[in-house]
Amino acid sequence: MIRIGLIRERKKLPDERVAFTPRQCTYIHANYPGIKIVVEPSPTRCYLDEEYAAEGIELTDDMSSCDILIGVKEVPVDFLKPGKTYFFFSHTKKKQEHNKGLMQVLISKRIRMIDYECLTYADEQRILGFGYYAGIVGAHNGLMAYGRKTGKYTLPAAHKVKDYEELLESYEHLKLPNIKIALTGSGKVATGVLDVLARLDIEPVEPADFISHEYEYPVFTHLKGSSLYARKDNNLFHRDDFHANPQAYKCLFTSYVHQTDILMNGIYWDHDIARLFEKEDIRRKDWRISVISDITCDIDGSVPINVGSSTIADPVYGIDRVTTQKTAPYQNTGNVIDIMAVDNLPNELPRDASEYFGQHLEKYILPELLKSKSDILDRATICENGTLTSYYEYLSDYAY
């Protein structure tokens, strides 16, 4: 019997999401006889302790008897239990400086760290993530910011509605102006954005038409692959080559800035990939973008004027186009770009996001736990027994 503990989120600000909902726990007990789930009580979780108790799920403050401890965000180092197996988003695979101490404690406490972000198929396609709901909330927040900035319409904050269904009700009678939106990215984040754009009757157009035409109704173009990147030497795009040699490619996004009102950024980015634009580009006379929803939220990353994460309560800040300094948002003067940079967007719809995540965790990962050997789990194990695994030896100068 594998005993799994759903741990309380302790990172500040506390996250309301959870890996399994109460009903999902009941389903797991009925269909996975080799697994038992217990829940650590939490005053901040989106599903109340009473909802788990009503499903007959054991609640206990003592997680010491659990084989596996499952959370969502990083566990504060003082609460990491030596020798246990943990699942959570550790945010260490890119050598994130703010989590260097966490990585070193994972090693010193001989913890097996299985990172959700690293759970992939053999072709490197990710299995789990909250990206779909990040895309939904990021699209909504970008549109909400534009409406507030221009005064042309209003939308409620996502975290103030009960769930996604109620959020959709706010779209029923909303008629948007003839705005132009550029969406970047091709993963689950983009899928969530596309869902919102479809619900709002925002019409898709080809990149070439987006650049050359104005419209009497709201439109968007989806920029990915060859519409967003090209080799520096021959202007061609090959997917496999791009992934193998991203430094050989330039980004084409600056071709769209004179025809874009809102940028919704959902691309995966690291330091070898060209930014969407550079800071000095925002001073261009033909710069049109007034709102950027940086859903992937890499500080000083693909959106170089992302100068730090914002919060759910205060999701938007302004960037002065002349000084490139942070300023007050919602100024409809043409001199300020509003940046939406919330780094925990799915937490605005925590019940929906938790249910979505738990479905995938149950279907694709729990069966792997019951195998004697799992390549999927091995590939996602950053460290174990006090050392980095072979997949993550590149973290040596960061982890020890």
Classify the ring geometry between [X] and [Y] as parallel (under 30°), tilted (30 to 60°) or perpendicular (over 60°).
| X | Y | value |
| --- | --- | --- |
| Phe357 | Tyr116 | perpendicular |
| His360 | Tyr356 | tilted |
| His271 | Trp269 | perpendicular |

Run the salt-bridge test on [X] and [Y] with the 4.0 Å N-O cut-off and return the result as yes or no.
| X | Y | answer |
| --- | --- | --- |
| Lys175 | Asp201 | no |
| Glu16 | Arg351 | no |
| Asp261 | Lys180 | no |
| Glu172 | Arg199 | no |
| Glu50 | Arg45 | no |
| Lys11 | Asp15 | no |
| Lys95 | Asp397 | yes |
| Arg10 | Glu74 | no |
| Glu280 | Arg283 | no |
| Lys373 | Asp378 | yes |

Check: When Tyr317 is tested against each of Asn306, Asp338, Thr327 for side-chain hydrogen bond (donor to acceptor under 3.5 Å, both in side chains), which residue passes?
Finding: Asn306
Notebook entry, point to check: Can the ring centroids of His222 and Phe210 be said to lie less than 6.0 angstrom from one another?
Noted result: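 When the ring centroids of His222 and Phe210 are compared, they turn out to be at least 6.0 Å apart.
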Next item on the list: Can you sort out the partners of Phe79 under ring pair (Phe, Tyr, Trp, His ring centres under 6.0 Å), two or more places apart, ordered by chain and number?
Entry: none
Check: After noting the C-alpha distance and the side-chain angles of Tyr229 and Ile273, does the key distance pass the side-chain contact (heavy atoms from CB on, under 4.5 Å) rule?
Finding: CA-CA 10 Å; Tyr229 298 103; Ile273 300 175; 3.7 Å; yes
Check: Quick one: OG1 on Thr184 to CG on Asn265, what's the gap to the nearest 0.5 Å?
Finding: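 Between Thr184 OG1 and Asn265 CG, I get 3.5 Å after rounding to 0.5 Å.
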Next item on the list: May I ask whether Ile289 and Ile295 are part of the same hydrophobic cluster, defined by side-chain heavy atoms of I, L, V, M, F, W, Y residues being less than 4.5 angstrom apart, directly or through others?
Entry: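 Hydrophobic grouping puts Ile289 apart from Ile295.
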